[in-house]
Amino acid sequence: QVQLVESGGGLVQAGGSLRLSCAASGRTFSNYAMGWFRQPPGKERGFVAGISWTGGSQYYADSVKGRFTISRDNAKNTVYLQMNSLNPEDPAVYYCARGIEVRPTARRYEYAYWGQGAQVTVSS
């Protein structure tokens, strides 16, 4: 059984930064890609960023490219999302997810396990 637990969400002013963490249980963390998705109020859950099993490849949604950075520490079974220059388009519940293969993907159905979500709020 794989469990994912996000932390680091909260309230930040526009232009500010937050770092989300996602701690995974289980010994197979390093064998799979990881991803971050977000779901704004009343909208569909959408892809934010993905990272390959080694961390060597990252993949971003256009809306966050240049502002967000995904990284992972396989020794700690943890994936991170550094979010800079947060703006009023970014508030959402952010979810981490474990992929079903080594390469990152933007497709939700290619992620098998999901965390409970972390709320990010941006004040103007």
Side-chain angles (χ1 to χ4, degrees):
Q1 184 74 8
V2 175
Q3 288 189 317
L4 303 174
V5 179
E6 299 97 338
S7 61
L11 172 65
V12 64
Q13 284 191 323
S17 299
L18 278 177
R19 189 175 83 154
L20 301 180
S21 299
C22 173
S25 65
R27 292 178 291 177
T28 60
F29 173 82
S30 61
N31 294 347
Y32 298 94
M34 296 293 295
W36 286 96
F37 289 73
R38 66 185 180 186
Q39 187 166 15
K43 296 186 179 180
E44 294 283 319
R45 191 176 302 186
F47 174 76
V48 175
I51 190 166
S52 64
W53 66 304
T54 63
S57 298
Q58 300 88 40
Y59 178 36
Y60 297 95
D62 288 343
S63 59
V64 306
K65 205 172 291 183
R67 299 189 297 123
F68 290 11
T69 302
I70 188 171
S71 61
R72 66 190 297 165
D73 185 337
N74 286 343
K76 296 182 178 179
N77 277 14
T78 302
V79 63
Y80 305 97
L81 185 68
Q82 177 67 44
M83 304 184 292
N84 298 330
S85 301
L86 285 159
N87 63 49
E89 301 295 317
D90 295 319
V93 178
Y94 282 71
Y95 297 89
C96 73
R98 201 207 77 177
I100 59 174
E101 61 166 277
V102 298
R103 296 173 301 168
T105 172
R107 293 182 284 270
R108 286 176 55 183
Y109 61 83
E110 294 188 355
Y111 290 85
Y113 297 94
W114 294 81
Q116 83 289 348
Q119 179 70 52
V120 172
T121 304
V122 179
S123 64
S124 56

* Asked: Can you name the residues that form a side-chain contact (heavy atoms from CB on, under 4.5 Å) with Thr54, not counting sequence neighbours?
  ->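 Ser52.
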
* Only counting residues at least two apart or in another chain, list the ones meeting side-chain contact (heavy atoms from CB on, under 4.5 Å) with Ala106. => Phe47, Tyr59

Return each pair, listed once, that meets salt bridge (charged side-chain N to carboxylate O under 4.0 Å, His left out) where at least one residue sits in [range]; pairs must be two or more places apart or across chains.
range: residues 110-124; answer: Arg107-Glu110
range: residues 111-124; answer: none
range: residues 46-64; answer: Asp62-Lys65

Less than 3.5 Å apart, which donor and acceptor atoms pair up between the side chains of residues 115-124 and the rest of the protein, not counting sequence neighbours?
unit_1, atom_1, unit_2, atom_2, d
Gln116, NE2, Glu6, O, 3.4
Gln116, NE2, Glu6, OE1, 3.4
Gln119, NE2, Ala92, O, 3.4

Listed partners of [X] passing side chain to side chain donor-acceptor pair (under 3.5 Å), at least two apart:
X: Gln3; result: none
X: Asn74; result: Arg72
X: Ser17; result: Asn84

* Asked: Which residue pairs pass the ring-ring contact (aromatic ring centres under 6.0 Å, His included) test when at least one of the two sits in residues 66-107, sequence neighbours left out?
  ->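 Matches after skipping sequence neighbours: none remain.
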
* What's the shortest heavy-atom distance between Gly50 and Pro104, and which atoms? -> C-CB, 3.5 Å

* To do: For Tyr113, check ring pair (Phe, Tyr, Trp, His ring centres under 6.0 Å) against everything at least two apart and list the hits.
  =>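 With neighbours one apart ignored, the set is empty.
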
* Asked: With sequence neighbours left out, what residues match Tyr111 under ring pair (Phe, Tyr, Trp, His ring centres under 6.0 Å)?
  ->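 Checked Tyr111 against ring pair (Phe, Tyr, Trp, His ring centres under 6.0 Å); matches are Phe37.
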
